[in-house]
2 protein chains.
Amino acid sequence: MSRSAITPDVRKPRADAQRNRERIVAVAREAFMQHGTEASLDDIARRAGVGAGTLYRHFPTREALIECVYHTEVEKLAAAGTHLQGTMPPLEALRAWMLLFIDYVAGKLLILPALDAVPGGSARLIEGSRGPIYGAFLHLIRHAIESGDLLQEVDPNDMARALIGTFHTTAMPGWEASARRIVDLLIAGARSPVQAPQQVSAGKKGAPSRKSARR
Amino acid sequence: MSRSAITPDVRKPRADAQRNRERIVAVAREAFMQHGTEASLDDIARRAGVGAGTLYRHFPTREALIECVYHTEVEKLAAAGTHLQGTMPPLEALRAWMLLFIDYVAGKLLILPALDAVPGGSARLIEGSRGPIYGAFLHLIRHAIESGDLLQEVDPNDMARALIGTFHTTAMPGWEASARRIVDLLIAGARSPVQAPQQVSAGKKGAPSRKSARR
DNA sequence: AGCTAATACGGAGACAGTCTCCACTTGTGG
DNA sequence: CCACAAGTGGAGACTGTCTCCGTATTAGCT
């Protein structure tokens, strides 16, 4: 029984290493906010008072660093989501959380550029890790569906993607207000039985197999 | 044929220059599709059979090149939009075009990474130039609103942003199908008078000034 | 056609950032 | 308190960006 039963592999996480790691992440966060995710890694290392080698041992690639910074931030938001769920009716909680998400992005509590920087885009960050945010979000949506406030056919993933997508327009002037309206648009869409517009007779080209399954 | 009469200043756009420029753009398009917009510029120059200097004279920055490639592509799609508008009822045309947009992205007829690469993101590419795509889109939406198929309150920009956002999830498994569903979600949302969910009594924190203007 | 000045070319090289390697230092368990 | 694994840092190889300028090409004039 080397270590205490579980994870008997690693010997111990040395103290200074831990400290360095944290400083790097902290400095990186600032740097990413200031110069975007293109910020010089060597520079980050320097400012964190460590050598380049140290930085690269902790975070082999730039993406690893970005991802770490990002996940650190994300936990706050996820926690908020959990809280909302306990204190509001389902649909309202969902909406409130989506708007809160926007607030986080707007207030730089969530580093936005990170969403673009990882290969595979925001997708991997959010979904790949099945991270706290995504989990919280799915939960809220499922809840709203179960309560009957949203249509059964609604795919939680769709809502998630649409919301995430919203954050890619932050360069536009009124993005925040727009994002909020889009949230309402999505929720409204997810409530009303989707009437196929007029009647979509005209055969689209590229899309052969659209299930007409909607009542 | 702008020349004759107008713009008497410039001497003439030398023939080889024009040729080179075109080759660079063509090669760049391939490169961007293969390696993303991070592709080496010197390498592009080499493959296009020109020197680095030549490339940089034509396109002082990477973004300039990306933008040029992008705009070249975009015209096709915009043209399609114009066509649809003439042959379908407004709302249907809008939906068809949004789906067509997705097809373009899916089929690599529109270079996707380009949307992420320009500082300011897709926003500047699409909106900044008030390019053909954006114009076509706004037109389709306005048409649908005028015909009464969409609610008056709907902001065309919102729809545009939401659609664009959709393309930032292409790394996810079922993105294309999801994107199509999101289109329907948006359209449905834009048709039904937005009932404030339940009743949004609970004061949200970050959003003070949401106009309750909806009936 | 022939001339010539404006225009464009291309690649060498200065510079900047990434990432590896390894001799050296430091914290920790015994 | 000591030995040694864990951790460090920075020199340097490498890769890509971008500029500068001597040389080549061409449009417009005669």
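Letters go in sequence order (proteins before strands), and every chain restarts at 1.
Residues passing the salt bridge (Lys or Arg N to Asp or Glu O under 4.0 Å) test with A:Asp16 are A:Arg14, sequence neighbours excluded. Judged as a side chain to side chain donor-acceptor pair (under 3.5 Å), and not counting sequence neighbours, A:Gln34 has no contacts.
Taking atom CG on A:Asp43 and atom P on C:dT18, their separation rounds to 9 Å, with Å as the unit. One can place NE2 of B:His35 at 11 Å from P of D:dG16, the figure rounded to the nearest angstrom. If you take CZ of B:Phe59 and C1' of D:dT19, they are 18 Å apart, rounded to a whole angstrom. Rounded to an integer number of Å, the gap from CD1 of A:Ile24 to C1' of D:dG7 is 12 Å. Here the P atom of nucleotide C:dT7 and the CZ atom of B:Arg21 are 17 Å apart, to the nearest Å. Atom-to-atom, CZ of B:Arg62 to P of D:dG16 comes out at 10 Å; the value is rounded to the nearest Å. Taking atom NE2 of B:His58 as the reference point, atom P of C:dT7 lies 14 Å away to the nearest angstrom. Counting to the nearest Å, the P atom of C:dC9 and the CZ atom of B:Arg46 are 18 Å from each other.
Relative ring orientation between B:Trp175 and B:Phe167 is described as perpendicular, the plane-to-plane angle rising above 60° on a 0-90° scale split at 30° and 60°.
Between A:Leu100 and A:Ala80 the shortest heavy-atom distance is CD2-CB, 3.5 Å. In terms of heavy atoms, B:Ile24 sits closest to B:His58 at CD1-CD2, 4.2 Å. Residues B:Arg191 and B:Leu91 come closest through the heavy atom pair NH1-CD2, 2.9 Å.
For B:Asn20 and B:Thr54, the side-chain atoms include no donor-acceptor pair closer than 3.5 Å.
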Review item, nucleotides 20-27 of chain C N/O atoms under 3.5 Å of protein N/O:
unit_1	atom_1	unit_2	atom_2	d
C:dT26	O2	A:Arg14	NH1	3.1

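Where B:Asp42 and B:Gln18 each meet DNA chain C at their nearest nucleotide, the meeting point lying more 5' is that of B:Gln18.
Of the side-chain N and O atoms in A:Ser40, none sit less than 4.0 angstrom from OP1 or OP2 of C:dA16.
Residue A:Asn20 is classed as a sugar-phosphate contact, given heavy-atom separations below 4.0 Å to backbone atoms only.
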